[in-house]
Amino acid sequence: MVKQQTSYIIMMSSVVGRLGNPGQANYAASKAGLEAITKTLAAEYGKRNVLVNAVAPGFIDTAMTQKLPEAIKQKALEHIPLQRLGSVHDVAKLVAFLTSGDADYITGQIIDVSGGM
């Protein structure tokens, strides 16, 4: 990667890494650690033009979330200002932007895709 003109590392985090979530201490801790390593790698490899960022999705409409009880989904929507679940396309568009060449002054960032959660 360091031999390329510009390289990209995109970490997949979660808003849970910063917000926490009851019953998910191990998941939250792993995502918080991933966010710390994102910032560290960005600082270490920036001089070699390796851009390192993390994407932190919120509540995304996936096969997993579709199986949740409706009451849990409604409770989640109460915390999302846009009042809808995100889509995998929402997440993919951010990753595409970060690796497009149009975001080559962005590194070491944790970017939420959470509808304002």
Side-chain angles (χ1 to χ4, degrees):
M1 294 187 88
V2 297
K3 293 180 180 180
Q4 303 298 316
Q5 182 177 353
T6 304
S7 296
Y8 308 95
I9 298 173
I10 308 296
M11 307 282 194
M12 293 308 296
S13 187
S14 169
V15 295
V16 172
R18 271 166 279 120
L19 300 177
N21 199 32
Q24 291 188 312
N26 57 340
Y27 181 76
S30 70
K31 294 304 183 178
L34 185 141
E35 292 181 6
I37 201 168
T38 296
K39 292 184 173 293
T40 300
L41 290 175
E44 287 183 20
Y45 289 96
K47 61 184 163 270
R48 294 188 168 172
N49 236 18
V50 177
L51 307 178
V52 186
N53 292 292
V55 173
F59 213 89
I60 304 299
D61 186 16
T62 64
M64 182 182 77
T65 58
Q66 289 169 3
K67 293 177 184 175
L68 292 173
E70 195 59 36
I72 290 176
K73 288 192 252 186
Q74 288 305 314
K75 183 79 171 167
L77 287 173
E78 292 174 13
H79 300 284
I80 303 171
L82 291 184
Q83 293 292 292
R84 67 174 179 85
L85 301 184
S87 71
V88 294
H89 189 67
D90 293 324
V91 176
K93 287 188 294 187
L94 176 56
V95 172
F97 171 68
L98 289 171
T99 59
S100 70
D102 290 336
D104 284 358
Y105 200 60
I106 299 173
T107 193
Q109 302 304 302
I110 311 329
I111 305 171
D112 284 8
V113 182
S114 66
M117 190 173 174

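The first residue of the sequence shown is numbered 1, and numbering continues consecutively from there.
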Self-check item: Q109: partners by side-chain hydrogen bond (donor to acceptor under 3.5 Å, both in side chains), with sequence neighbours left out
Solution: none

Exercise. Under 4.5 Å between side-chain heavy atoms, chaining through other members, with only Ile, Leu, Val, Met, Phe, Trp and Tyr counted: pull out the rest of the cluster around I111, sorted by chain and number.
Key: I10, M12, V55, I60, V88, V91, L94, V95, F97, L98, I106, V113

Self-check item: Residue pairs fulfilling salt bridge (Lys or Arg N to Asp or Glu O under 4.0 Å) with at least one residue in residues 59-70, sequence neighbours excluded
Solution: E70-K73

Quiz item: Can you tell me how far OG1 of T65 sits from CD1 of I72, rounded to the nearest 0.5 angstrom?
Solution: 11.5 Å

Self-check item: Pairing residues for E44 by the side-chain hydrogen bond (donor to acceptor under 3.5 Å, both in side chains) criterion, not counting sequence neighbours
Solution: none

Quiz item: With sequence neighbours left out, which residue pairs that include part of residues 46-59 fulfil the side-chain hydrogen bond (donor to acceptor under 3.5 Å, both in side chains) condition?
Solution: T6-N49

Exercise. State yes or no: do L51 and Y45 share one hydrophobic cluster built from I, L, V, M, F, W and Y residues joined by side-chain heavy-atom distances below 4.5 Å, directly or via other members?
Key: no

Quiz prompt | With sequence neighbours excluded, residues passing side chain to side chain contact (heavy atoms under 4.5 Å, CB included) with I37 | solution = M11, L41

Quiz item: With sequence neighbours excluded, what pairs up with K39 under the salt bridge (Lys or Arg N to Asp or Glu O under 4.0 Å) test?
Solution: none

Quiz prompt | Cluster check Y27, L68: I/L/V/M/F/W/Y, side chain < 4.5 angstrom | solution = no

Quiz item: Same cluster or not: are L34 and V16 linked, directly or through other Ile, Leu, Val, Met, Phe, Trp or Tyr residues, by side-chain heavy atoms under 4.5 angstrom apart?
Solution: no

Exercise. Working to the nearest 0.5 Å, report the span between CG of N21 and NZ of K31.
Key: 13.0 Å

Quiz item: S13 and A54: which non-hydrogen atoms are nearest, and at how many Å?
Solution: CB-CB, 4.4 Å

Practice problem: Please collect all side-chain hydrogen bond (donor to acceptor under 3.5 Å, both in side chains) contacts where either partner lies in residues 89-105, sequence neighbours excluded, each pair once. | Solution: Y8-D104, R84-D90, S87-D90

Quiz item: Under the salt bridge (Lys or Arg N to Asp or Glu O under 4.0 Å) test, which residues partner R18, sequence neighbours left out?
Solution: E35, D112

Quiz item: So, for G58 and V15, which heavy atoms are closest and what is the spacing to 0.1 Å?
Solution: CA-CG2, 3.7 Å

Exercise. List for me each residue that meets side chain to side chain contact (heavy atoms under 4.5 Å, CB included) alongside Q83, sequence neighbours excluded, and say none if there are none.
Key: none

